[in-house]
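Heads up, the thing below is written out as structure tokens.
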Amino acid sequence: MTLAFNQVAIIGAGAMGRGIAQIAAQSGSQVWFFDTQTEAAQLARDAVFQVWETLMSKGRFDADTLTAYKSRIHMATTLQDLRSCELVIEAIVERLDTKKNLFIELENLLPETTVLVTNTSSLSVTAIAAALKRPAQFAGYHFFNPVPLMKVVEVIAGLKTSREVCERLTHYATQMGHAPVQAGDTPGFIVNHAGRGYGTEALRLVSEGVTDFATTDRILKDQVGFKLGPFELFDLTALDVSHPVMESIYNQYFQEPRYRPSVMTSQRLAGGVLGKKVGEGFYSYADGKAVLPPDHAVPNVKEFPPVWVSPRATRRIELLKLLKDLGATLETGASPSPQALTLVAPLGFDVTTVAVVERLDPARTVGIDMLFEDAATQRRVLATNPATRIDMRDAAHALFAKDGKAVSVVRDSGGFVTQRVVAHIVNIAADMCQQRVCTPKDLDLAVTLGLGYPLGPLALGDKLGPANILEVLFNLQTVYGDPRYRPSPWLRRRGAIGLSLLHTED
Ligand code: NAI
């Protein structure tokens with residue numbers, strides 16, 4: 001195998017530099033560490049050696065391989081020591097002026113053929129390259145932390161980056177065992193842009209009082225399969241990192257409403273309630289573990305009213321079968337009897353609007369989120385409206401909990417919890433395709449590997465039905481009158497044919 005780059009320099013021997021050095025050396029390259037703090041480079045080398053020792057003791061490779069890997073790590077004391085390097089990967093402090101100056105210096109010291117790349121996660125590749133004499137030789141190469149485990153790299157072409165340089169970097173990523181994706185030089189590139197939907201929409205619905213943060217986390221994990229709820233994620237990342245990213249992407253896109261951050265996190269940031277690292281975030285922490293508020297208890301209901309299901313309910317046949325399996329007495333009349341618990345299952349609309357439009361008694365009307373197939377979820381979510389009687393709410397809660405599945409009851413807002421968050425994620429992804437940030441295929445690949453979502457946003461949209469996602473968005477827009485929910489033209493066009501299809505001009 002011919003390596004795309006035999007001699008590789010890593011500048012900045014922090015968390016990222018170490019991880020990149022490890023996989024570069026494992027691929028067969030000779031790796032040179034440089035850091036302005038000499039001890040940082042030595043510590044980095046020791047840390048990488050330690051990782052390899054551990055992997056060897058676990059039987060991942062033998063002693064000869066360990067020796068070979070170690071022999072490929074070298075220390076540079078000056079930038080001149082890097083003259084033989086064909087690729088220089090910068091992973092220093094995230095400051096535009098510092099990065100620009102470093103690359104100007106490197107360009108003057110190193111041969112013309114050297115490829116220079118930045119691991120920046122938030123700065124413009126084009127802006128860093130602006131003062132360079134050879135911007136064609138410069139690109140973004142964005143890895144994720146921890147590098148050896150997060151197997152995706154964004155290859156970012158600045159305005160003047162040559163196609164050959166991107167192709168060579170792409171090839172080298174696969175030689176390091178990573179999946180390369182091509183990203184336009186746009187704010188957040190792919191992963192940090194696509195990730196905007198999850199947290200911001202969850203913040204919105206909690207700040208509107210739809211439900212609390214712990215219930216939101218439970219719902220999104222149990223209904224969609226996210227590994228971490230958005231508030232667990234905020235606590236882990238810490239708000240001093242994630243709130244500025246939210247603001248920065250929102251402002252870099254000139255206040256695009258889809259990325260609008262929340263006053264909730266700016267206030268918490270100001271108050272120092274940052275997350276797990278300070279022992280207090282959305283959750284409080286005891287001995288490093290989150291203290292979970294208890295899940296909603298199932299009410300004790302002795303006698304259940306008969307149940308009538310709206311003819312316009314989403315997945316109506318499935319819902320009727322579920323109710324039968326749960327032992328409910330079903331009404332089949334054109335309208336509910338005066339005793340009936342009345343069930344609606346809207347997409348995007350709030351329960352109140354549906355009750356009014358369908359001329360149902362709001363006091364007996366409860367909504368259920370049927371966007372996902374019931375069998376595919378671990379939790380059912382119901383919504384009351386302001387007029388729903390407590391006995392009707394409790395009857396619905398107890399009925400849907402009869403088979404032991406978890407149930408959450410949220411306030412009426414339109415779109416429950418999952419519909420809002422999922423539709424927002426899919427819409428942002430669709431708009432990224434519209435804006436040509438990347439291809440649909442790279443988008444889903446980058447998000448599953450970079451964010452650990454159970455499915456890429458476009459595949460998720462296809463699974464749930466693009467027409468259903470569109471309906472949620474159209475109706476949310478009606479309920480809220482907020483351009484935040486306007487469907488991307490790409491989503492509208494693809495609505496009929498599928499989002500992750502590859503063979504069209506889109
Ligand atoms: P870090 O703070 O762990 O390490 C940075 C290292 O760079 C330090 O050892 C420091 O001494 C050295 N350094 C600073 N200025 C230097 C200069 N002018 N010349 C040479 N060395 C210098 O930082 P970390 O987390 O490794 O991040 C580095 C870069 O990677 C940043 O641009 C960051 O945005 C980007 N990044 C970070 C991710 C993360 O999760 N930590 C993820 C993806 C990208």
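Just so you know, ligand 1 is whichever comes first in the structure, and atom 1 is the first atom listed for that ligand.
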Quiz prompt | Identified side-chain contact (heavy atoms from CB on, under 4.5 Å) counterpart of Lys99 within the set Asn119, Ile92, Val93 | solution =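 Testing each of Asn119, Ile92, Val93 against Lys99, the sole residue satisfying side-chain contact (heavy atoms from CB on, under 4.5 Å) is Ile92.
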In the protein, which heavy atom is nearest to [atom], and how far is it?
| atom | result |
| --- | --- |
| atom 4 (O) of ligand 1 | Gly14 CA, 3.2 Å |
| atom 32 (O) of ligand 1 | Glu94 OE1, 2.5 Å |
| atom 7 (O) of ligand 1 | Gly12 CA, 3.4 Å |
| atom 5 (C) of ligand 1 | Ala91 O, 3.8 Å |
| atom 37 (C) of ligand 1 | Met16 CG, 3.4 Å |
| atom 12 (C) of ligand 1 | Asp35 OD2, 3.2 Å |
| atom 40 (O) of ligand 1 | Asn145 CB, 3.2 Å |

Practice problem: Looking only at non-hydrogen atoms, find the nearest pair between Arg258 and Asp431 and report the distance. | Solution: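 Scanning both residues completely, I find the closest heavy atoms to be NH1-OD2, 3.2 Å.
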[X] atom [atom1], neighbour heavy-atom count above 12 within 6.0 Å:
| X | atom1 | result |
| --- | --- | --- |
| Lys160 | NZ | no |
| Glu53 | CD | yes |
| Gln255 | CD | yes |

Quiz item: Looking only at side chains, do Ser162 and Gln137 share a donor and an acceptor under 3.5 Å apart?
Solution: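 Their side chains do not contain a donor-acceptor pair, so the 3.5 Å distance test is not met.
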Quiz prompt | Protein contact for atom 19 (N) of ligand 1 (heavy atom, distance under 4.0 Å) | solution =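 Yes, at least one protein heavy atom sits under 4.0 Å from atom 19 (N) of ligand 1.
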Exercise. Using a distance threshold of 4.0 Å (strictly less than), state whether atom 2 (O) of ligand 1 has a protein heavy-atom neighbour.
Key: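 Given the 4.0 Å limit, the answer for atom 2 (O) of ligand 1 is no, no protein heavy atom qualifies.
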Self-check item: NZ or CZ of Arg268 within 45° of Phe282 ring axis and under 6.0 Å
Solution: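 Cation-pi check for Arg268 and Phe282: passes.
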Quiz item: Do Lys70's NZ or CZ and the ring of Phe49 fall within the cation-pi criteria of under 6.0 Å and 45°?
Solution: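 Yes, cation above the ring, under 6.0 Å and within 45°.
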Self-check item: Presence of salt bridge, Glu256 and Arg486, under 4.0 angstrom
Solution: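 Glu256 and Arg486: salt-bridged.
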Quiz item: Which of the listed options, Thr237, Asn192, Ile92, Thr120, holds the heavy atom that is closest to atom 31 (C) of ligand 1?
Solution: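 Shortest heavy-atom distance from atom 31 (C) of ligand 1: Ile92.
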Self-check item: Pick from Leu123, Thr118, Thr36: the one approaching atom 13 (N) of ligand 1 most closely through a non-hydrogen atom
Solution: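 The nearest heavy atom belongs to Thr36.
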Quiz item: In Å, rounded to the nearest 0.5 Å, how long is the span from CZ of Arg204 to NE2 of His424?
Solution: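 One finds 8.0 Å between CZ of Arg204 and NE2 of His424.
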Exercise. Measure the CD1-CG distance between Ile469 and Leu460 for me, rounded to the nearest 0.5 Å.
Key: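 Interatomic distance, Ile469 CD1 to Leu460 CG, rounded to 0.5 Å: 6.5 Å.
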Are any of the N or O atoms of [X] closer than 3.5 Å to those of ligand 1?
| X | value |
| --- | --- |
| Ile11 | no |
| Asn119 | yes |
| Ala40 | no |
| Phe143 | no |

Quiz item: So Arg484 and Glu201, salt bridge (charged side-chain N to carboxylate O under 4.0 Å, His left out) or not? Walk me through it.
Solution: CA-CA 10 Å; Arg484 178 178 177 82; Glu201 192 59 18; 2.9 Å; yes
Which atoms of ligand 1 have any heavy atom of [X] under 4.0 Å away?
| X | result |
| --- | --- |
| Gln37 | 11 (O) |
| Lys99 | 31 (C), 32 (O) |
| Ala15 | 3 (O), 26 (O) |
| His142 | 43 (C), 44 (C) |

